[in-house]
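Have a look at the structure below before the remarks.
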Amino acid sequence: MFPTYDVIVVGAGHAGCEAAVAAANMGSRVLLVTMNMQTIAQMSCNPAMGGVAKGQIVREIDALGGYSGIVTDHTMLQFRMLNLSKGWIMSSQRGKIDRMIFSHKWRFILESHWNFDFWEDMVKGLVVKDKRVVGVQTGMGLEIPARSVVLTNGTFLNGIIHIGEKQFGGGRAGEKAATGITEQLVSLGFESGRMKTGTPPRVDGRSLHWDRMEVQPGDEHPSKFSFTDTPPLRDQHPCHITYTNPKVHEMLRTGFDQSPMFNGRIRGRGPRYCPSIEDKIDRFAERERHQLFVEPEGRDTCEIYVNGFSSSLPEDVQYKALRLIPGFEEVKMFRPGYAIEYDYFPPTQLSPGLETHLVKNLFFAGQINGTTGYEEAGSQGLVAGINAHLAIHGKEPFILGRSDAYIGVLIDDLVNKGTEEPYRMFTSRAEYRILLRQDNADLRLTPKVAQIGMNHLDERMERVREKETKSAEIIRYFENFSVAPDEINGYLNSIQSAEIRQKVKLLGILLRPHINIKALRSALPELDKALQRFDSETQQLAEINMKYSGYIEKEQEMVDKMNRLESVRLHDTFDYHALPSLSAEAREKLTRIKPRTIGQASRISGVSPSDVSVLLVHVGR
């Protein structure tokens, strides 16, 4: 009935979709197995993409040939640039999404690939022979052969939903949990754990008093996520802001004795940076209010997402508390919030290519690795899908370093440090933030995937080359064009910047604080004319490279020093217990994690600088 697939992807969430389409674009014949074909790329929680550091990840997925950015641009309701007050390097993109159209667009993209099949069923186990995965077993009793398998199970592995004192099996509201995989993997020697996440209630927008809330509009000039020619965002939908108050908090406290978080029924660790509303008022009891974002789920629905009110309290307590919030006095609830517990596998059991140490050609991506967020999941799925294809062809894995991408930081953190709580990416986790910018993600990453044979990138590579050429041309213009005092002093006086007394290069003016290309174009007609043929994204890239050139050079020097350690290879069969000079902790963790390089070994928690020196001596460096 089934051919032998090159890659089988289990699960059709954000990780699964990116994994499947990446493997297909590499040339593999792919089967995507999902329990429900109607929930492909479902936004189980917040209908949004991007955010702090997450926006950079979506741009990187797009630069690597993934589709999250493209789908986001086609389905956005609102766009906002976050953290602009901290400068362009720290800013991040965020888009509100039409949840139903997002899922529909993803399915259309997947179905457009000729070497791509679907099967609606639950995978209850793997077929493993000689420590190599060779297929999957489904709930219908079918055995489907494969040369490699990517597990992207999300919150479905032995998932349990909690609402007050009620609990029932499920991967998310209305869908059953997946069973069998955890038990089999544990029997094969894998270590598993439990994590918890949650979601807020959904409410009827027709029952809200919008005039009693603050309006939060989108940016006046919205940008986009993809480097391709996706449509511009028009007709933005506003979000709204309201706040809890002491009466709301008091009502929520009446349900604490029935809360699964406080009475011990939930054992899994929840996300530190996205706590439930009951956790907020318990941990921050001194605060009289908490901000809530009231966000639409789509253009053609009245369903509303109450961002900031995640809860697992009894549904009647949630309902009564909601009615005490300004604007929610007559609210009708579509469904209550809930918490969900699920199995994950500590990611120190993976290689940097996301292949498991114990079973060859088996890859994990997404929440099974302990992460949280659509963006983190999608990026892992893309890398796992690429490497599932490369593995069956005997090629070296595709690995992104910490200086290559936020995705590289994410995966490096997971496989070397592990995580005991849902991992979320922040800009502060990256050492090389000036290099890992949104504007240069295509320059950094598109050539890398083009080199390993991903299809559909010819036009993208042409864009990259054109962008590099035109950016360099703008920089040369600023380096060579001189401006006279009578041309620029009027503008400099208007912004209280020092006048010039003789002709100076335009680059010197641009490097002053609070001066940018846009402002200079307004002040200098000749410059405005010269730059008209360059798009805004290329101008922005050139401006950042000029204004931050000193910082970029320093950071690149740091990268070059670290890369010397990355070039010193270690083998999987390296016997660390034969080196008594290593600390006991280092021997244990190096043996378990199996680092590929000295650089990776140096980032493992518990491996000291002296341990690294011992390794360098042993390998002759």
Side-chain angles (χ1 to χ4, degrees), residues 46-63 68-98 102 214-241 273 291 293-296 305 307-308 373-376 378-379 405-407 424-430 433-444 467 471 513-519 521 534-548:
N46 193 1
M49 290 293 282
V52 177
K54 293 169 175 280
Q56 281 89 333
I57 289 178
V58 178
R59 293 281 274 181
E60 291 179 349
I61 291 172
D62 184 76
S68 291
I70 292 173
V71 177
T72 297
D73 287 348
H74 277 276
T75 59
M76 259 198 295
L77 298 172
Q78 186 194 84
F79 179 92
R80 295 185 70 228
M81 189 68 78
L82 310 178
N83 281 352
L84 270 176
S85 61
K86 297 181 180 179
W88 177 252
I89 303 298
M90 293 292 102
S91 65
S92 298
Q93 299 167 298
R94 185 175 189 268
K96 287 296 305 172
I97 305 299
D98 188 314
F102 184 92
E214 301 172 22
V215 178
Q216 186 189 45
D219 289 353
E220 184 178 354
H221 302 289
S223 185
K224 60 195 190 81
F225 285 86
S226 179
F227 292 100
T228 62
D229 287 327
T230 50
L233 173 60
R234 296 188 174 92
D235 185 27
Q236 294 196 72
H237 277 220
C239 296
H240 289 74
I241 297 174
Y273 302 103
Q291 191 175 52
F293 295 93
V294 187
E295 302 175 336
Y305 180 91
N307 191 345
Y374 310 137
E375 303 82 2
E376 290 89 343
S379 66
Y406 275 92
I407 299 173
R424 177 179 175 181
M425 176 53 70
F426 290 101
T427 52
S428 58
R429 295 191 190 272
R433 295 190 289 276
I434 297 175
L435 300 180
L436 308 183
R437 307 189 310 270
Q438 298 175 77
D439 60 282
N440 69 358
D442 53 341
L443 275 64
R444 287 185 278 121
K467 186 174 175 180
S471 171
H514 313 300
I515 292 181
N516 55 46
I517 286 181
K518 184 179 179 181
R521 288 186 66 175
F534 300 102
D535 63 71
S536 59
E537 193 169 89
T538 302
Q539 292 180 53
Q540 184 180 64
L541 172 66
E543 180 175 336
I544 291 172
N545 282 336
M546 287 185 280
K547 291 184 80 73
Y548 290 93

Gap separating the [atom1] atom of [X] from the [atom2] atom of [Y], nearest 0.5 angstrom:
{"X": "Gln236", "Y": "Phe79", "atom1": "CD", "atom2": "CZ", "result": "9.0 Å"}
{"X": "Phe227", "Y": "Asp73", "atom1": "CZ", "atom2": "CG", "result": "10.5 Å"}
{"X": "Gln540", "Y": "Ile517", "atom1": "CD", "atom2": "CD1", "result": "9.5 Å"}
{"X": "Phe426", "Y": "Arg433", "atom1": "CZ", "atom2": "CZ", "result": "13.0 Å"}

* Residues in side chain to side chain donor-acceptor pair (under 3.5 Å) with Thr72, at least two apart? -> none
For a quick test of reading the model, state the closest non-hydrogen atom pair linking [X] to [Y] and the distance between them.
{"X": "Gly218", "Y": "Arg80", "value": "CA-CG, 4.0 Å"}
{"X": "Ala519", "Y": "Asn516", "value": "N-OD1, 2.8 Å"}
{"X": "Leu435", "Y": "Asn440", "value": "O-ND2, 2.9 Å"}
{"X": "Asn545", "Y": "Ser471", "value": "ND2-OG, 4.2 Å"}
{"X": "Pro47", "Y": "Pro296", "value": "CG-O, 4.0 Å"}
{"X": "Phe225", "Y": "Gly55", "value": "CE2-CA, 4.3 Å"}

* Asked: Would you call Arg521 and Glu543 a salt bridge, taking side-chain N to carboxylate O under 4.0 Å as the test?
  -> no
Run the side-chain contact (heavy atoms from CB on, under 4.5 Å) test against [X] and tell me which residues pass, sequence neighbours left out.
{"X": "Leu84", "result": "Met81, Trp88, Ser91"}
{"X": "Pro232", "result": "Arg234"}
{"X": "Ser536", "result": "none"}
{"X": "Ala48", "result": "Asn46, Arg94, Lys96"}

* Asked: With a 4.5 Å heavy-atom cut-off, do Ile407 and Ile61 have their side chains touching?
  -> yes
* Take Val71 and Met49, measure what side chain to side chain contact (heavy atoms under 4.5 Å, CB included) needs, and give me the verdict at the end. => CA-CA 10 Å; Val71 177; Met49 290 293 282; over 6 Å; no
List the residues meeting salt bridge (Lys or Arg N to Asp or Glu O under 4.0 Å) with [X], not counting sequence neighbours, and say none if there are none.
{"X": "Asp442", "answer": "Lys467"}
{"X": "Asp439", "answer": "Arg437"}
{"X": "Arg444", "answer": "Glu60"}
{"X": "Arg424", "answer": "none"}

* Take His237 and Gln78, measure what side chain to side chain contact (heavy atoms under 4.5 Å, CB included) needs, and give me the verdict at the end. => CA-CA 6 Å; His237 277 220; Gln78 186 194 84; 5.5 Å; no
* To do: Would you please say whether a donor-acceptor pair under 3.5 Å links the side chains of Asn83 and Ser92?
  => no
* Asked: Tell me, which pairs form a salt bridge (charged side-chain N to carboxylate O under 4.0 Å, His left out) where one or both residues lie in residues 220-232, sequence neighbours left out?
  -> Asp229-Arg463
* Check the pair Ile97, Met76 against side chain to side chain contact (heavy atoms under 4.5 Å, CB included), reporting the backbone distance first and the verdict last. => CA-CA 4 Å; Ile97 305 299; Met76 259 198 295; 3.9 Å; yes
* **Donor-acceptor contact below 3.5 Å, side chain Glu375 vs main chain Gly50** => yes
* Any donor-acceptor N/O pair, Gln539 side chain to Phe534 backbone, under 3.5 Å -> yes
* Could you list the residues that satisfy ring-ring contact (aromatic ring centres under 6.0 Å, His included) with His74, not counting sequence neighbours? => none
* Please list, chain by chain and in numerical order, all residues satisfying ring-ring contact (aromatic ring centres under 6.0 Å, His included) with Tyr374, sequence neighbours excluded. => His14
* Between Asp62 and Ser226, does a side chain to side chain donor-acceptor pair (under 3.5 Å) hold up when you go through it step by step? -> CA-CA 6 Å; Asp62 184 76; Ser226 179; 2.8 Å; yes
* To do: For the pair Gln56 and Met425, evaluate side chain to side chain contact (heavy atoms under 4.5 Å, CB included) and give the outcome as yes or no after the intermediate values.
  => CA-CA 10 Å; Gln56 281 89 333; Met425 176 53 70; over 6 Å; no
* Evaluation steps, salt bridge (Lys or Arg N to Asp or Glu O under 4.0 Å), between Glu537 and Arg59 -> CA-CA 13 Å; Glu537 193 169 89; Arg59 293 281 274 181; 3.2 Å; yes
